[in-house]
Number of protein chains: 2
Amino acid sequence: MSNQQRPSPTIIDVARAAGVSKSLVSLAIRGDAGVGSATREHILSVAHEIGYRSNLWARSLVRGRSQLVGVLLNDLHNTYHTDIVHGIEDAAAEQGLGVIISHGRREATVLAQRLEDVLALGVDGIVVISALLDPQLLRDAARRKPTVVVGRPPALPDTVGGVANHDERGARLAVEHLTSLGHRRIAHLTHSNRAAATARKQSYLDLMTALGYAEGIQVLDSEAGGETELLDSILVRRADAPTAVFASNDRRAASILGGALDAGLRVPEDLSIVGYDNTDLAASVRPGLTSVDQPRLAMGRLAMDILTEMLGGADARHEVVEPTLVVRGSTGRAAGTVN
Amino acid sequence: MSNQQRPSPTIIDVARAAGVSKSLVSLAIRGDAGVGSATREHILSVAHEIGYRSNLWARSLVRGRSQLVGVLLNDLHNTYHTDIVHGIEDAAAEQGLGVIISHGRREATVLAQRLEDVLALGVDGIVVISALLDPQLLRDAARRKPTVVVGRPPALPDTVGGVANHDERGARLAVEHLTSLGHRRIAHLTHSNRAAATARKQSYLDLMTALGYAEGIQVLDSEAGGETELLDSILVRRADAPTAVFASNDRRAASILGGALDAGLRVPEDLSIVGYDNTDLAASVRPGLTSVDQPRLAMGRLAMDILTEMLGGADARHEVVEPTLVVRGSTGRAAGTVN
DNA sequence: CTGAAAGCGCTTACAG
DNA sequence: CTGAAAGCGCTTACAG
């Protein structure tokens with residue numbers, strides 16, 4: 001029952017047990033070429049035997065780095081992040097770097113605090129998977145340790161690395177898919193005024209206008225009754241009711257899908273729906289959500305690659321990756337359209 | 001553009017700038033009562049001015065602890081974990097402890113490696129939110145640092161703290177709900193042979209038998225065609241086809257819900273479905289999933305409370321919490337049942 | 001190929 | 001109330 005922990009052995013204990021000096025133990029453990037192989041074998045086996053483990057604090061203190069990178073998530077809940085983290089971890093492992101994860105519980109102030117915590121912990125670099133952080137905070141962080149952001153903060157300082165998907169093109173894929181199915185009145189359901197959401201909206205507006213469907217434009221605020229408004233206009237069969245909606249993310253798309261089904265509407269017959277991010281949710285609901293997919297694993301790797309370069313002294317750089325469209329059952333031909 | 005970081009100031013820099021000795025700086029920063037308030041103010045303002053931040057490595061090295069706890073997740077993807085983590089964080093913050101998160105990407109071997117990494121990092125204690133870890137590994141971890149498991153590993157050593165929900169009662173809630181709606185032929189969709197799944201299955205078997213519905217028992221392996229088998233038997237209207245299914249978790253429940261809808265079945269008219277865990281997914285799909293809810297936030301807090309006790313030298317203890325049932329649209333009266 | 005010494009940044013007794 | 005000294009566990013030149 002007792003949970004007493006005995007102090008873990010140090011290189012001095014190993015040195016004593018192996019009958020050598022502690023510097024030799026240090027060299028042997030780190031695989032220094034100047035140690036005889038017989039000696040090294042002996043020291044290593046003794047170390048293993050007495051359960052020696054290198055003390056990361058001492059090692060980091062003297063070396064001035066920890067071989068650790070901190071990953072900050074906006075929100076643990078968002079499955080969108082998961083693949084990005086995996087990409088980061090894969091690339092980090094290849095560099096012999098460990099990864100520590102922290103998250104802001106969707107609060108910018110909490111996230112800022114976590115950034116501070118992770119920095120205080122002594123990581124060698126930081127990847128922020130969030131657009132929630134203030135550019136000034138990012139700039140400050142970058143002054144302390146190489147920092148890369150995945151996502152689209154309001155303005156990315158050039159001292160901070162960046163990876164983002166091409167939101168304009170993603171939105172274009174969504175709108176083009178719908179118009180190719182014959183939709184002319186396509187609503188856009190959004191809320192946030194973050195850069196990514198703004199870019200998606202603007203791209204939607206531009207393309208609708210360019211295609212000559214300006215009259216079919218309808219921007220709805222998902223947090224201000226936009227969802228209800230949209231569904232009502234379809235239910236009462238208003239002539240200008242949209243036949244399709246492009247939501248700025250899957251969460252909103254799933255929400256309006258649920259609302260539509262609850263109201264007795266058929267999807268996609270009465271309403272086609274496109275989301276953004278291609279999260280788990282998109283595949284879990286019925287009908288499945290057509291959604292714009294960001295190459296998340298690749299984005300994570302890319303972020304870590306940029307960080308690795310910066311760790312090596314290179315300047316920060318910004319990369320933009322191409323989204324693709326994943327078509328599922330939530331989109332179909334517009335009513336009255338001939339195939 | 002350049003990402004040069006200047007070395008951060010140490011207490012020696014602060015001491016020099018403030019015109020005092022470095023020990024005094026250390027005392028002042030840690031708020032030692034023996035430092036005059038004027039002196040303390042002065043030192044603190046100088047420290048702030050030159051951007052001093054305490055070096056965690058050095059501090060941990062000399063104090064022998066880091067004020068950090070490691071949280072290990074089976075899988076970042078599982079939203080079930082999120083609230084537990086929040087509970088842990090809330091309780092940890094009250095103790096002035098920081099939290100580091102790591103995860104096993106659903107692989108027991110990866111998780112074991114992460115456990116090792118987190119231990120090597122020098123955390124003061126560990127909370128494992130997973131039943132994936134071998135009891136022997138847990139025992140070894142507990143010998144090094146206080147360890148608490150949330151979930152139900154095959155066998156929990158008494159040197160390891162534990163928090164779990166009462167799976168037998170949770171399963172009972174699910175089955176009782178269905179029988180109260182008139183269901184007599186209730187299938188159980190499961191796969192894993194982990195302790196939690198086994199307990200849920202056994203409880204289902206016991207209750208069905210005790211209620212006299214032994215003939216309505218049908219255990220299906222979700223990974224071995226069980227889902228298809230179940231749906232087919234309903235589609236071909238076999239006399240003994242189940243009218244309801246209790247899935248051992250929400251993921252399986254959502255999967256069979258999707259399959260049922262894809263096959264043109266109505267839920268709950270043709271099939272009632274109950275899940276377990278009450279994850280986000282349960283509320284996102286349509287109809288919403290009736291699901292057994294574990295008090296996750298409370299479980300996280302409880303785990304951290306137990307860890308705090310152990311950090312103070314107390315023995316490990318095991319707690320079991322009560323699940324509740326959240327009813328949504330996926331369950332309804334059995335066909336032919338009079339209300 | 002091996003050992004003695006200095007030092008990373010901090011905390012902790014211990015004198016004054 | 002304040003300062004000089006030792007030491008946490010390690011790595012890194014530097015002699016031998």
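Please read all numbers here as calculations on a predicted model, not as lab measurements. Proteins get letters first, then strands, A, B, ... in listed order; numbering begins at 1 in each.
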**Item:** Working for side-chain contact (heavy atoms from CB on, under 4.5 Å), residues B:Asn55 and A:Leu61
**Value:** CA-CA 9 Å; B:Asn55 181 314; A:Leu61 181 58; 4.0 Å; yes
**Message:** Checking A:Val69 against A:Val123 for the side-chain contact (heavy atoms from CB on, under 4.5 Å) test, could you report, in this order, the C-alpha distance in whole Å, the side-chain angles of both residues, the deciding distance, and whether it holds?
**Reply:** CA-CA 5 Å; A:Val69 316; A:Val123 295; 5.5 Å; no
**Item:** Trace of the side-chain contact (heavy atoms from CB on, under 4.5 Å) decision for B:Ile29 with B:Leu44
**Value:** CA-CA 7 Å; B:Ile29 283 168; B:Leu44 257 33; 4.1 Å; yes
**Asked** Between B:Thr147 and B:Leu115, does a side-chain contact (heavy atoms from CB on, under 4.5 Å) hold up when you go through it step by step?
**Response** CA-CA 11 Å; B:Thr147 302; B:Leu115 173 62; 5.8 Å; no
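Put simply, CZ on B:Arg63 is 8 Å from P on C:dT11, counting in whole angstrom units. Atoms CD1 (A:Ile12) and C1' (D:dT11) sit 13 Å apart, rounded to a whole Å. Residue B:Arg59 contributes atom CZ, which lies 20 Å from atom C1' of D:dC10 at whole-angstrom precision. If you measure from atom OH of A:Tyr52 to atom C1' of D:dT11, you get 11 Å, rounded to the nearest angstrom. Regarding A:Asn55, its CG atom lies at a distance of 13 Å from the C1' atom of C:dC8, rounded to whole Å. Across the protein-nucleic acid pair, A:Leu61 atom CG and D:dG7 atom P stand 17 Å apart, rounded to whole Å. Rounding to whole angstrom units, CH2 of residue A:Trp57 and C1' of C:dC10 are separated by 13 Å.
Picking from D:dC10, C:dC10, D:dC8 the nucleotide with the shortest atom distance to the side chain of B:Ile11 gives C:dC10.
A donor-acceptor contact closer than 3.5 angstrom is absent between the side chains of B:Arg53 and B:Ser8.
Atoms NE2 and OG, from A:His81 and A:Ser130 in turn, are 6.5 Å apart once rounded to the nearest 0.5 Å. How far CG of A:Leu121 is from CH2 of B:Trp57: 9.0 Å, rounded to the nearest 0.5 Å. The CG atom of B:Leu133 sits 10.5 Å away from the OG1 atom of B:Thr109 when rounded to the nearest 0.5 Å.
Nearest-nucleotide positions on DNA chain D place B:Gly36 closer to the 5' end than the other of B:Gly36 and B:Ala58.
With contacts defined as side-chain heavy-atom distances shorter than 4.5 Å, the pair B:Ile88/B:Ile129 qualifies.
Across all strands, B:Ser54 comes closer than 4.0 Å only to sugar-phosphate atoms, never to a base (heavy-atom distances). Across all strands shown, B:Thr39 has heavy atoms under 4.0 Å from sugar-phosphate atoms exclusively, and none from any base. Residue contacts shown for A:Arg65 are absent, as no nucleic acid heavy atom lies under 4.0 Å away.
Less than 4.0 Å separates DNA chain C from at least one heavy atom of each of the following residues of residues 16-31 of chain B: B:Lys22, B:Ser23, B:Ser26, B:Arg30.
Secondary-structure annotation of DNA chain C gives the stems C:1-3 with D:14-16, C:5-12 with D:5-12, C:14-16 with D:1-3, with a stem taken as at least 3 successive Watson-Crick or G-U pairs whose two distances both fall under 3.5 Å.
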